[in-house]
2 protein chains.
Amino acid sequence: MKNIDSSRVTIKDIAKALNVSISTVSRVLSNHPAISEATRKLVNDKVKEMGFSIDPIASSFRSKKTKSIGVVCPRIDIDFHSKVISGIEEYAYQQGYQITIFQSQDNYQKEKEIVQMIESTLAAGLIICPGLETRKYDHLKKIKKANIPLVVYDRSTDGLKTNKVMINDLEASFKATEHLIKAGCKSIAHISGDQEVSIFKARLLGYKKALEQYNLEIREELIKEAKHLSHQEGLNLAQELIQGKTSFDGIVCANDYTAAAAIQTLKKVRRIPEDLKIIGFSNYPISTMIEPQLSTIDDSAYHMGKVAAKLLIQQIEDRDLDLLDYQEVLIKTELIVRESSSH
Amino acid sequence: MKNIDSSRVTIKDIAKALNVSISTVSRVLSNHPAISEATRKLVNDKVKEMGFSIDPIASSFRSKKTKSIGVVCPRIDIDFHSKVISGIEEYAYQQGYQITIFQSQDNYQKEKEIVQMIESTLAAGLIICPGLETRKYDHLKKIKKANIPLVVYDRSTDGLKTNKVMINDLEASFKATEHLIKAGCKSIAHISGDQEVSIFKARLLGYKKALEQYNLEIREELIKEAKHLSHQEGLNLAQELIQGKTSFDGIVCANDYTAAAAIQTLKKVRRIPEDLKIIGFSNYPISTMIEPQLSTIDDSAYHMGKVAAKLLIQQIEDRDLDLLDYQEVLIKTELIVRESSSH
DNA sequence: CTGTTAGCGCTTTCAT
DNA sequence: ATGAAAGCGCTAACAG
């Protein structure tokens, strides 16, 4: 009758109803070993009967621990990030964690602000994909210093020793290029991404490495940089390639938008895949909707999210273990061969 | 020297350093009016000097208020939801709120579980897009009863009186159909979505309403349901339309994937837009990458997120106001005319 | 195995 | 305009 309006049942209410101490109730709730089966059952039954659920705020306040993971990415509505986050959420939820999401908009100031906020919020951990502008990592070093587990995904962070989950971009791009070579291409062009960004640098390197390894000449005039890897840029660069004087029979693109653009532009003047083979990167929805269907590299974004979450939660729960250690996980990508590169 | 390792500076430390009471410090921090300018400045300076920031957990614990908004959607990695969430995050962050995200996977049990958890977490509010399986709204009614502000987005929830933000699907579909009619189409087909889902029902209704209004006959054999609105279904249904005996000179599709499929299939046998005009729905990236470029309806997902967040935060902060009131906001969509329907 | 007790950092009356 | 003090619900020594 007392709690009729205060709505929330507390462990005190449970204890009183059962004539035990609040510690006993608290112990049952946290699965403390030193509790008899009898009282455990008694308490658990009462908990159900009275519809009690623990107040997570009070619990966090007291224990200085939360079940909340901060996630920072440039934008949520980018296909890749939304998939990664989906993976993070799924794994985290399963493990009893919640995720709180922030968008840095690739703005360094905002990213710092967010990270600082997360630090002061007593988050259990932080998963972040640093923005394009981010060159210094002091904000993340502070997180480490504050002893908050940290995982960086997708972008490399030179000089920051921390857990990282990344696509093996170099290997993936190598595989893509090698695939075209094995399909018979002798002169392969590359539409690359912003060379200020490590993953796009890696994709260019993978392309070059494959050419070298198979004794094909690297021709700079066949390498075109698309800063934003947009469809429109792809259209323009494909046109440039056509107009250039160096002939080519294959194109490795750093994403599927530019690859789709290349297909559209080039299929008007060449037969794909007979005379020209094209491969993209990321396995966007468009890759199956274009004709010919686009071969590509699946970037396993969803899987990456799961791995990032797993790595982080491991750290959170093994907090007492070797904190100085860190690992870099390279996610394997999958070559998906469709019509645009078949032979 | 005392706090050298306890890391966190508290209001107590500030108070001690200044020889004022903790209440004074607390008042300054919460902008209480009854504080002299002198002490306000004194405290604020010390706060900066000592690098103090308020402990949000302790604050929430004491005040029973949080700055955390729960967001529940079927999946984050669906283009539409990721855009809505992006909008929510942007507005919420600006207003000093954080968003905690959950995926129901369109699973009713999981959705209930999540909502219950959010309720017990003392969330400041909840924004939800109910899953496809959800037919009962008891879990949401409980949220309302617990006095937690609630906003539902995208899906209608019959029988639940609450704040809603929805696309005006009927009007949008009407506009799309009307556009084809005005462009000269006399016999228009429709590739519809799952008719168990209210928004797809509304799109079908909008289509029919337009035909009626312009005195065109509704022919059931020109209406094809694509349960999942996938590209493959689009391919199949476009084929069915070709093979049917009823001729048509326009197609209104319930999304861009099926519309893209229709274009691909039909441009082999008809001239688009000269002999056949096609319009999609949602303005997915693919709509500008296909040839001819696809006319479509922009669903303003990002804007919808902003509006949802705004509505919710209004409620949170005007908590004392008329709680029984609720509003339904219909988001205006935009007709985007591209090549596939021009005349 | 169980109970007693001391707070965590803050907000908020109630004084003055 | 400021201070004193109570206590939010829970955890975790410590004591038996």
Side-chain angles (χ1 to χ4, degrees), chain A residues 2-3 5-44 46-47 50-68 119-122 124 319-320, chain B residues 2-3 5-44 46-47 50-68 119-122 124 319-320:
Chain A
K2 216 151 135 226
N3 273 309
D5 56 8
S6 85
S7 70
R8 182 154 216 130
V9 182
T10 71
I11 56 170
K12 212 168 155 186
D13 299 322
I14 304 281
K16 207 177 296 170
L18 248 36
N19 254 312
V20 297
S21 73
I22 58 166
S23 349
T24 301
V25 179
S26 175
R27 282 185 188 112
V28 171
L29 294 171
S30 57
N31 277 314
H32 190 107
I35 287 282
S36 75
E37 261 320 306
T39 40
R40 187 181 299 277
K41 182 166 168 23
L42 213 62
V43 170
N44 279 328
K46 203 60 163 184
V47 161
M50 300 181 69
F52 167 86
S53 68
I54 205 163
D55 180 340
I57 308 257
S59 175
S60 293
F61 172 52
R62 181 56 233 247
S63 65
K64 298 296 167 218
K65 280 179 189 142
T66 66
K67 286 290 199 174
S68 161
E119 186 187 336
S120 80
T121 309
L122 217 58
R319 173 94 89 207
D320 308 316
Chain B
K2 216 154 138 225
N3 273 310
D5 56 8
S6 85
S7 70
R8 181 154 216 130
V9 182
T10 72
I11 55 170
K12 211 168 154 185
D13 299 323
I14 305 282
K16 207 177 296 168
L18 249 35
N19 254 313
V20 296
S21 74
I22 58 167
S23 342
T24 301
V25 179
S26 176
R27 282 185 187 111
V28 172
L29 293 171
S30 57
N31 276 315
H32 190 107
I35 286 282
S36 75
E37 261 321 305
T39 39
R40 188 181 299 278
K41 182 166 169 23
L42 213 62
V43 171
N44 279 330
K46 203 60 165 183
V47 160
M50 300 181 69
F52 167 87
S53 69
I54 205 162
D55 180 339
I57 306 259
S59 175
S60 293
F61 172 53
R62 181 57 232 250
S63 65
K64 298 297 166 216
K65 281 179 189 140
T66 66
K67 287 290 199 175
S68 161
E119 187 187 336
S120 80
T121 309
L122 217 56
R319 171 93 91 207
D320 308 316

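Per chain, numbering begins at 1; letters A, B, ... match sequence-line order.
Summarising the geometry, atom CD belonging to E37(A) is positioned 9.0 Å from atom CG belonging to N44(A); distances are rounded to the nearest 0.5 Å. Atoms CG and CZ, from D13(B) and R8(B) in turn, are 11.0 Å apart once rounded to the nearest 0.5 Å. With rounding to the nearest 0.5 Å, the separation of CD1 in I14(B) from CD1 in I22(B) is 12.5 Å.
Residues V43(A) and L18(A) form a side-chain contact, since some pair of their non-hydrogen atoms from C-beta on lies under 4.5 Å apart. Within the 4.5 Å cutoff, no side-chain heavy atoms of D55(B) are placed close to those of T10(B).
Of the possible donor and acceptor atoms, none in the side chain of T39(B) sits under 3.5 Å from a partner among the backbone N and O of L42(B).
By the side-chain contact (heavy atoms from CB on, under 4.5 Å) test, R27(B) is found to be paired with S23(B), H32(B), I35(B), residues two or more places apart in sequence or in another chain being considered. Judged as a side-chain contact (heavy atoms from CB on, under 4.5 Å), and not counting sequence neighbours, the contacts of I54(A) are L29(A), F52(A). When the side-chain hydrogen bond (donor to acceptor under 3.5 Å, both in side chains) test is applied to K12(B), no partner is found at least two apart in sequence or on another chain.
Rounded to a whole Å, the NE2 atom of H32(A) is 13 Å from the C1' atom of dC14(D).
Over its length, the helix from dC1(C)-dG16(D) to dT16(C)-dA1(D) turns its helix axis by 30°, as judged from the five terminal pairs at each end, rounded to 10°.
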Q. Which parts of nucleotides 6-12 of chain C does protein reach within less than 4.0 Å, heavy atoms only, written one letter per nucleotide 5' to 3' as B for base, S for sugar-phosphate only and - for none?
A. BBBBBBB

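A17(B) approaches M50(B) most closely through the heavy-atom pair CB-SD, 4.1 Å.
DNA chain C is contacted by no residue of residues 34-42 of chain B, taking any non-hydrogen atom closer than 4.0 Å.
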